[in-house]
Amino acid sequence: MLKVNEYFDGKVKSISLTTSEGPATVGVMAKGKYEFGTSRKEIMIVTTGVLTEKLPGQAEWKTYKPYDRFEIEANRKFQLDVPADASYICYYR
């Protein structure tokens with residue numbers, strides 16, 4: 001069954017599903033700056049737009065374009081700067 005999740009007053013929305021890769025979410029983010037926390041390892045793949053992230057322990061921001069990916073370990077917080085509406089898929093391990 002698909003489940004819709006909504007965060008940051010509706011500026012971030014995702015749909016949870018189970019894929020051949022395991023649990024995942026497909027989502028969209030409106031322009032803005034966000035901080036997320038992980039409970040499991042996450043593999044984020046940008047599908048449209050641009051995501052600029054700052055992972056724990058990093059001094060600099062990194063920018064990801066469509067089809068780029070980055071990983072966040074479990075039990076971490078990370079920041080995203082979304083300069084314009086964007087979409088992604090996130091796999092959970």
Side-chain angles (χ1 to χ4, degrees):
M1 185 57 108
L2 300 177
K3 179 183 174 192
V4 177
N5 303 297
E6 190 172 307
Y7 309 96
F8 302 101
D9 296 322
K11 293 180 182 176
V12 177
K13 294 185 181 187
S14 66
I15 301 172
S16 300
L17 67 154
T18 301
T19 71
S20 60
E21 301 283 326
T25 55
V26 175
V28 293
M29 295 183 193
K31 177 181 177 178
K33 294 183 180 185
Y34 308 101
E35 182 174 88
F36 294 94
T38 63
S39 58
R40 301 168 74 174
K41 180 178 180 176
E42 297 184 11
I43 300 166
M44 296 275 298
I45 302 169
V46 179
T47 53
T48 64
V50 172
L51 298 179
T52 302
E53 59 79 14
K54 185 176 179 189
L55 296 177
Q58 288 183 343
E60 297 186 23
W61 292 78
K62 292 185 181 178
T63 299
Y64 297 88
K65 300 175 291 197
Y67 310 107
D68 289 343
R69 64 186 268 162
F70 58 95
E71 297 183 15
I72 308 101
E73 294 301 321
N75 303 309
R76 305 288 176 138
K77 290 190 182 232
F78 67 101
Q79 298 173 348
L80 285 179
D81 185 0
V82 183
D85 295 354
S87 64
Y88 66 90
I89 185 165
C90 182
Y91 295 102
Y92 301 90
R93 302 285 188 246

| message | With heavy-atom distances below 4.5 Å as the criterion, would you say the side chains of Phe78 and Leu55 are in contact? | response | yes
| remark: By side-chain hydrogen bond (donor to acceptor under 3.5 Å, both in side chains), Thr38 pairs with (sequence neighbours left out) none
| request: Please list, chain by chain and in numerical order, all residues satisfying side-chain hydrogen bond (donor to acceptor under 3.5 Å, both in side chains) with Ser16, sequence neighbours excluded. | output: Asn5
| query | Which pairs, with at least one residue in residues 44-61 and sequence neighbours excluded, count as a salt bridge (Lys or Arg N to Asp or Glu O under 4.0 Å)? | reply | none
| request: Mind jotting down which residue pairs meet the ring-ring contact (aromatic ring centres under 6.0 Å, His included) criterion with at least one end in residues 7-29? Sequence neighbours excluded, please. | output: Phe8-Tyr34, Phe8-Phe36
| task | For Pro83, check side-chain contact (heavy atoms from CB on, under 4.5 Å) against everything at least two apart and list the hits. | result | Val50
| Can you tell me if Thr25 uses its side chain to pair, donor with acceptor, with the backbone of Ser14 under 3.5 Å? | no
| task | Measure across Leu51 and Ala86 and return the closest heavy-atom pair with its distance rounded to 0.1 Å. | result | CD2-CB, 4.0 Å
| query | Any donor and acceptor pair, going by atom type alone, linking the side chain of Ser87 with main-chain N or O of Val28 inside 3.5 Å? | reply | no
| message | Clusters formed by hydrophobic residues whose side-chain heavy atoms approach within less than 4.5 Å: which one holds Ile45, and what are its other members? | response | Leu2, Val4, Ile15, Leu17, Val26, Ile43, Ile89, Tyr91
| task | Could you list all the salt bridge (Lys or Arg N to Asp or Glu O under 4.0 Å) pairs where at least one residue sits in residues 6-18, not counting sequence neighbours? | result | Glu6-Lys13
| task | For residues Lys62 and Thr52, determine if any side-chain heavy atom of one lies less than 4.5 Å from a side-chain heavy atom of the other. | result | no
| query | Can you name the residues that form a salt bridge (charged side-chain N to carboxylate O under 4.0 Å, His left out) with Arg93, not counting sequence neighbours? | reply | Glu21
| task | Work out which heavy atom in Glu42 is nearest to a heavy atom in Gly37; give both atom names and the distance. | result | OE2-O, 4.2 Å
| Hydrophobic cluster identity match, Tyr92 and Met44, side-chain contacts under 4.5 Å | no
| task | Might you work through the side chain to side chain contact (heavy atoms under 4.5 Å, CB included) test for Met29 and Leu80, ending with a clear yes or no? | result | CA-CA 10 Å; Met29 295 183 193; Leu80 285 179; 3.5 Å; yes
| query | Restricting to pairs with a member in residues 22-41, which pass salt bridge (Lys or Arg N to Asp or Glu O under 4.0 Å), not counting sequence neighbours? | reply | Lys41-Glu71
| message | Looking at every heavy atom in both Pro66 and Gly49, which two are closest together, and how far apart are they? | response | CD-O, 3.2 Å
| message | Tell me which pairs pass ring-ring contact (aromatic ring centres under 6.0 Å, His included) where either residue lies in residues 49-69, with sequence neighbours left out. | response | Tyr64-Phe70
